[in-house]
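What's counted below: heavy atoms across the whole structure, side chains too, no hydrogens, waters or symmetry copies. When a ligand or atom number is given, it counts from 1 through the structure's own listing order. Everything numeric in this text was worked out from a predicted model, so none of it was measured.
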Amino acid sequence: MVYESAQRVGPCDQCGAEVLSVVSETVNAATFEWAIEGSCSECEHIWHASGNGISAEVRAAIIADNGPSGLRIVDPDPSVGAMMRVIRSRESLPLHELRAAAEDLVANGRAGTLAEMSLLRERLEDQGVRAEVVFATPRPSGRTISLVKRVVYLVPPKRLSDPDTRTALVPHRLAEAEAELLAGYLESATVLAIAASRLPDRLTGRLLLPLGVMTDGEWVWNLDWADYVRAYRVDPSQQFRDHARSRNYAPVELDDDRLQQISRTLGVPG
Ligand SMILES: [Zn+2]
């Protein structure tokens, strides 16, 4: 059996609150199934839907959350005829396109969800063509995402002159390399205020996070964002990511006068 799940943020269809649903695809004995399930923490509405075949909605959510899986032909001398038979069983194409699709499959493989690629691999192997399923993007080892049961909102990094907003903490929205650079920026800027105590993270309660306020002279944020970005790869905002990248992820040094000025502006005790 192959099973792949992901989480999707969307409005509760009873009360409109932003909630997480778990979407999944399963391949079991060559039967393909999709499912969506979730519960709303605001109105306690619970939903479950499932069906056979591919759901475009579930497929899109899985690819957005986990990244695509891939399939690659490993047979050194695969039979084009066998591959054409497999493709014909899935798509109706005129003969010349069928041949081109088979040749494309050998040259480029395919990409899709883990369940799709696994089913395609099974069908190819049934026809004597050896293929393997590959993850196009490396999977995080811990899969902390499965522990996330509800939507948590935090104040994201903001420009000094902007009001506070709230954003949902949605894991796995950043590539690992960018998350690391961004987390480094978030924790190496200037400390405006810091507390001695630490608090459990709001997503899984597994990490102890520092309490502090940071600034780079233009933006201000709570220090725990460094951990939400590094450990859970939450996206603080496209604007902030662009800003940090434009500074090559190296915060500038701020002098005391500037710091005091910022503290006064924000009402943070300096
Ligand atoms: Zn609701």
Side-chain angles (χ1 to χ4, degrees), residues 1-28 31-68 112-116 137 139-140 142-158 162-175 179 182 199-209 211 221-241:
M1 190 183 95
V2 174
Y3 173 83
E4 184 175 35
S5 67
Q7 297 194 330
R8 186 194 58 170
V9 177
C12 165
D13 56 14
Q14 296 291 305
C15 75
E18 205 164 54
V19 287
L20 280 180
S21 315
V22 176
V23 301
S24 61
E25 285 183 347
T26 312
V27 177
N28 199 359
T31 303
F32 199 107
E33 279 180 13
W34 60 268
I36 303 176
E37 52 201 316
S39 61
C40 176
S41 54
E42 297 298 315
C43 74
E44 301 188 341
H45 173 54
I46 293 172
W47 58 95
H48 177 91
S50 58
N52 288 326
I54 290 175
S55 149
E57 187 187 355
V58 168
R59 182 180 196 277
I62 286 178
I63 289 175
D65 208 24
N66 297 349
T113 64
L114 181 62
E116 284 167 10
T137 49
R139 303 298 165 99
R143 294 304 292 162
T144 40
I145 190 169
S146 60
L147 300 169
V148 179
K149 294 294 184 233
R150 60 191 205 87
V151 184
V152 172
Y153 295 89
L154 279 189
V155 178
K158 60 161 194 164
D162 285 350
D164 282 357
T165 54
R166 310 251 286 161
T167 192
L169 293 187
V170 182
H172 296 235
R173 284 291 180 265
L174 298 175
L182 204 55
L199 285 180
D201 78 79
R202 303 270 311 281
L203 278 175
T204 66
R206 287 189 155 190
L207 308 173
L208 279 178
L209 305 187
L211 290 169
W221 59 89
N222 291 318
L223 181 52
D224 53 5
W225 269 96
D227 291 276
Y228 288 116
V229 166
R230 176 177 287 120
Y232 300 110
R233 295 193 274 129
V234 175
D235 179 1
S237 70
Q238 186 64 53
Q239 291 80 1
F240 182 74
R241 286 161 62 193

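- Pairing each heavy atom of A179 with each of R233, the nearest pair is CB-CG, 3.6 Å.
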Exercise for review: Test E4 against T113 for side chain to side chain donor-acceptor pair (under 3.5 Å), laying out the working first.
Suggested key: CA-CA 8 Å; E4 184 175 35; T113 64; 4.8 Å; no
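- In this structure, G16 and P11 approach most closely via the heavy-atom pair O-CB, 3.9 Å.
- Minimum heavy-atom separation, C12 to V19: N-CG2, 3.7 Å.
- Neighbouring protein atoms of the Zn ion (ligand 1) (N, O or S, distance under 2.8 Å, waters ignored): C12 SG, C15 SG, C40 SG, C43 SG.
- Ion pairing of D164 with K158 is present here, as a side-chain N (NZ or NE/NH1/NH2) and a carboxylate O approach within less than 4.0 Å.
- In terms of the salt bridge (charged side-chain N to carboxylate O under 4.0 Å, His left out) criterion, E37 has no residue partners (sequence neighbours excluded).
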